[in-house]
Amino acid sequence: MNYKKIFTEIENEFPKMEDPGRVPSYIPELGSIDPEKFGIHLATVTNRNYSLGDSDEKFSLQSIAKVLALTLAFKLEDENLWNRVGVEPSGTPFNSLVQLDFEKGVPRNPLINAGALVICDVLVSRLKNPRHEFLEFVRNFSGNPNIDYNMKVAESEKQTSHRNAALINLMKDYGNIKNDIGIVLDFYFNLCSLEMTCKELAHVFLFLAAHGTHPKTKIEVISGSKAKRINAIMLLCGFYDEAGEFSFKVGLPGKSGVGGGIIAVHPEQYSIAVWSPRLNKKGNSYKGMKVLEFLTDRTQSSIF
Ligand code: GLN
């Protein structure tokens with residue numbers, strides 16, 4: 001596949017393309033990111049790499065990190081996990097409270113905020129020091145000791161976390177949160193504050209393009225069967241009430257974050273990370289979605 005040619009076309013067209021999106025301000029620390037940042041990195045399972053723009057600059061993963069927490073929780077809990085969180089698309093915004101009450105505190109899926117809070121609760125129950133052990137898990141399987149949290153971002157989100165506090169309180173009332181609410185929320189803010197460059201992010205997610213075993217470190221992060229299921233959840237739930245749109249236009253399992261990042265995975269081929277901070281109305285990177293649509297259309301490489 002001639003990714004080099006496509007990358008040159010992207011470099012010529014996308015950075016200057018008009019972008020009606022907005023950088024989020026509800027987490028104050030994210031509001032100060034330069035909205036013009038634009039980076040991409042594509043890493044193949046056979047260790048070929050293509051980069052452009054600000055692909056070596058760290059950014060806040062935010063909800064992208066939920067996939068990594070899900071990976072560890074699924075590994076530890078097996079099928080029991082699905083007693084506490086579903087695998088259905090939500091059709092509602094990432095921080096919606098509406099459905100949660102109807103469904104008695106069982107979130108639709110692990111990638112909306114409510115679901116990720118349940119996943120964090122599972123990890124708080126299972127691990128002695130979840131903050132440390134989760135980070136070690138990611139560093140270890142990816143072979144990258146430079147991955148870290150950004151405490152300023154975590155602290156900033158904590159100061160404005162009324163909605164996440166509402167979600168977790170509601171679930172606690174329904175009996176679906178086992179630990180202290182403050183401890184689980186703190187772990188969640190740490191998780192979301194994880195930072196990576198596009199290059200690091202694409203490399204970390206390669207295990208989902210390789211049936212659960214990381215092609216670089218050869219570590220089995222998760223079984224092939226579980227990797228299949230996580231990709232399915234990303235495809236159906238990774239973009240909240242825009243998951244259909246992303247599947248329709250891009251055709252890959254993926255996950256977005258309000259830091260402006262998107263990760264997408266083409267099983268048996270590659271993983272690709274894009275960073276462009278301006279978000280559309282659904283909270284997903286405007287240009288990030290456009291550029292992935294362009295790339296999968298031009299290369300005719302999607303799962304469909
Ligand atoms: N930390 C963010 C929040 O809870 C994550 C949201 C996102 O990236 N969509 O609001």
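The first residue of the sequence shown is numbered 1, and numbering continues consecutively from there. Read the numbers this way: they start at 1 and go in the same order the structure lists the ligands and their atoms. All of these numbers come straight from a predicted model, not from anything done at the bench.
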(message) Check this for me, if you would: do Glu200 and Lys58 make a salt bridge, where the nitrogen-to-carboxylate-oxygen distance has to be below 4.0 angstrom?
(response) yes
(message) Check this for me, if you would: do Arg139 and Glu136 make a salt bridge, where the nitrogen-to-carboxylate-oxygen distance has to be below 4.0 angstrom?
(response) yes
(message) Before you tell me yes or no, could you show the steps for Tyr50 and Tyr270 under ring pair (Phe, Tyr, Trp, His ring centres under 6.0 Å), namely the whole-Å CA-CA distance, both residues' side-chain angles and the distance that decides it to 0.1 Å?
(response) CA-CA 11 Å; Tyr50 305 85; Tyr270 62 75; 9.5 Å; no
(request) Begin from the C-alpha positions of Lys158 and Asp186 and carry the test salt bridge (Lys or Arg N to Asp or Glu O under 4.0 Å) through to its verdict. (result) CA-CA 7 Å; Lys158 188 175 178 170; Asp186 271 345; 3.1 Å; yes
(request) Before giving the answer on salt bridge (Lys or Arg N to Asp or Glu O under 4.0 Å), spell out for Asp121 and Lys178 the whole-Å C-alpha distance, their side-chain angles and the decisive distance to 0.1 Å. (result) CA-CA 7 Å; Asp121 186 55; Lys178 313 293 178 200; over 6 Å; no
Kindly print each ligand 1 N/O atom paired with any protein N/O atom under 3.5 angstrom away, one pair per line, or none if nothing qualifies.
from: ligand 1; atom 1: 1 (N); to: Gln62; atom 2: OE1; distance (Å): 2.6
from: ligand 1; atom 1: 1 (N); to: Glu157; atom 2: OE1; distance (Å): 2.9
from: ligand 1; atom 1: 1 (N); to: Glu157; atom 2: OE2; distance (Å): 2.7
from: ligand 1; atom 1: 4 (O); to: Asn113; atom 2: ND2; distance (Å): 2.9
from: ligand 1; atom 1: 4 (O); to: Glu157; atom 2: OE2; distance (Å): 3.0
from: ligand 1; atom 1: 4 (O); to: Asn164; atom 2: ND2; distance (Å): 3.0
from: ligand 1; atom 1: 4 (O); to: Tyr188; atom 2: OH; distance (Å): 2.7
from: ligand 1; atom 1: 8 (O); to: Ser63; atom 2: N; distance (Å): 3.0
from: ligand 1; atom 1: 8 (O); to: Ser63; atom 2: OG; distance (Å): 2.7
from: ligand 1; atom 1: 8 (O); to: Val258; atom 2: N; distance (Å): 2.8
from: ligand 1; atom 1: 9 (N); to: Ser63; atom 2: OG; distance (Å): 2.9
from: ligand 1; atom 1: 9 (N); to: Tyr240; atom 2: OH; distance (Å): 3.1
from: ligand 1; atom 1: 10 (O); to: Tyr26; atom 2: OH; distance (Å): 2.5
from: ligand 1; atom 1: 10 (O); to: Asn113; atom 2: ND2; distance (Å): 3.4

(request) Determine, for Phe74 and Lys226, whether the Lys NZ or Arg CZ falls below 6.0 Å from the six-membered ring centre while staying within 45 degrees of the axis. (result) yes
